[in-house]
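Working notes, beginning with the structure itself.
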Amino acid sequence: MALKFRVFVFFAAVALLLSTLPYTQARDIVEITDANFDELVTPDSPWLIDFYADWCGVCRRFEGELYQLSHQIDAVSPNVNIGKVNVDENPGLSLKFFISRLPSIYFIYQGEIRTWNTSLEHEAILSALSKDEWKNMEVWSGMFSPFGIFGKMFGFFGYIQSMINTVIPTGIPSLVIILVISAITGLLVFRVYKSEPNKPVAATKSNRSVSSSESTPSSSPKVTRRRSRKID
């Protein structure tokens, strides 16, 4: 009887001790897709987005770090959202962000995209967020940025690919599609550039020379003086 009472007291003390420990609720890791990207990623909400694939070993190892980050980010940056994108299931975003290596981490805020350049350990990410080190990271801008003209165009082609895959599953890697689209775009730009009419500079010069030659006599008339002889 005394042993049972001691066991009961022990477990009661353990339960009381665990109840006093701080409890941190995990932040939801949002699954971002081609369909909901524009709706979720707005200029006034900062996002830390992980591009991954199920077959990527490094991505699977980083998944544990992302889980730890979701438990501790509220204490450091409660306004930052965490998202992840499956590149195989979302070719539009994969092409839009020109994904060529996995995992790829991006920080998006106020319409600016920054490539996350710290280590993939959750402690390093939390430290960079707490010190606002993301402000010193290079901003991805210009025509080839995901929000630029080429990024939007490639994203549109990726969306077309996803529509085709729903009808005819091709299984073509996104990197191959990027290379094909790049080649087609380059050929179109070259074709448009070559099709522009050249200014007839040489013809203009020749016309000017011909007109000048016509206006100027080729040889001036020879003037002969008549000598007069004095007659006495």
Side-chain angles (χ1 to χ4, degrees), residues 24-56 58-74 76-116 120 122 125-126 128-129 134 137 139-178 181:
T24 56
Q25 186 178 2
R27 177 80 66 82
D28 292 335
I29 302 176
V30 183
E31 190 73 34
I32 299 178
T33 64
D34 290 339
N36 63 13
F37 177 82
D38 293 331
E39 179 183 356
L40 294 176
V41 183
T42 56
D44 56 344
S45 60
W47 281 87
L48 187 70
I49 301 179
D50 167 37
F51 286 79
Y52 74 99
D54 295 331
W55 46 264
C56 173
V58 181
C59 300
R60 290 196 295 268
R61 290 194 294 270
F62 178 66
E63 188 176 357
E65 299 293 335
L66 200 64
Y67 176 78
Q68 293 291 334
L69 180 66
S70 67
H71 278 78
Q72 303 178 28
I73 194 172
D74 280 337
V76 175
S77 298
N79 296 327
V80 177
N81 303 286
I82 303 176
K84 60 180 181 179
V85 178
N86 190 319
V87 296
D88 294 326
E89 297 177 357
N90 301 280
L93 290 175
S94 178
L95 291 172
K96 189 183 184 75
F97 280 79
F98 302 94
I99 300 299
S100 59
R101 63 183 181 89
L102 296 172
S104 292
I105 316 297
Y106 295 98
F107 188 84
I108 305 176
Y109 185 45
Q110 294 181 344
E112 295 179 343
I113 302 173
R114 291 174 169 85
T115 304
W116 197 264
L120 298 182
H122 71 277
I125 297 176
L126 287 172
L129 288 174
W134 57 269
M137 298 178 184
V139 178
W140 189 4
S141 60
M143 293 190 302
F144 288 94
S145 69
F147 294 151
I149 181 172
F150 281 99
K152 293 179 180 179
M153 181 183 67
F154 277 53
F156 175 75
F157 283 127
Y159 176 75
I160 296 299
Q161 181 202 359
S162 64
M163 296 295 292
I164 294 175
N165 288 343
T166 56
V167 181
I168 306 174
T170 58
I172 301 176
S174 300
L175 182 59
V176 175
I177 298 177
I178 290 177
I181 293 177

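All values below come from the heavy atoms of this structure, side chains included, with hydrogens, waters and symmetry mates left out.
By the side chain to side chain contact (heavy atoms under 4.5 Å, CB included) test, E63 is found to be paired with no residue, residues two or more places apart in sequence or in another chain being considered. Legend: residues meeting side chain to side chain contact (heavy atoms under 4.5 Å, CB included) with D38, ordered by chain and number and at least two apart, are absent. Annotation: side-chain hydrogen bond (donor to acceptor under 3.5 Å, both in side chains) contacts of Q68 (sequence neighbours excluded): none.
Panel note: side chain N81, backbone P46; a donor-acceptor pair is recorded below 3.5 Å. For D50 (side chain) and K84 (main-chain N/O), no donor-acceptor pair under 3.5 Å exists by modelled atom type.
Among all heavy-atom pairs drawn from L93 and T33, the shortest one is CD1-O, 3.5 Å. Of all heavy-atom pairs between R60 and D54, the closest is NH1-O, 2.8 Å. Nearest approach of A53 to V87, heavy atoms of both residues: CB-CG2, 3.9 Å.
Atom OG of S70 and atom CD of E65 lie 11.0 Å apart (nearest 0.5 Å). The distance from the CD1 atom of I49 to the CD1 atom of I29 is 12.5 Å, given to the nearest 0.5 Å. Interatomic distance, F107 CZ to I113 CD1, rounded to the nearest 0.5 Å: 12.0 Å. Distance check, rounded to the nearest 0.5 Å: CD1 of I125 to CG of L66 gives 7.5 Å. The CG atom of L126 sits 8.0 Å away from atom OG of S77, with the distance rounded to the nearest 0.5 Å. The distance from the CG atom of L102 to the CG atom of N86 is 9.5 Å, given to the nearest 0.5 Å.
Aromatic rings from Y106 and F97 are positioned such that their centres are separated by under 6.0 Å.
For the pair P91/D34, a side-chain contact is recorded, criterion being any heavy-atom separation below 4.5 Å from C-beta on. A 4.5 Å side-chain heavy-atom check between F147 and E112 finds every atom pair outside the cut-off. With a 4.5 Å cut-off on side-chain heavy atoms, I73 and H122 do not count as touching.
Ring pair Y109/W134 is perpendicular by interplanar angle, where above 60° counts as perpendicular and below 30° as parallel.
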### Task
Go through the steps for F37 and N90 under the test side-chain contact (heavy atoms from CB on, under 4.5 Å), then give the verdict.
CA-CA 10 Å; F37 177 82; N90 301 280; over 6 Å; no
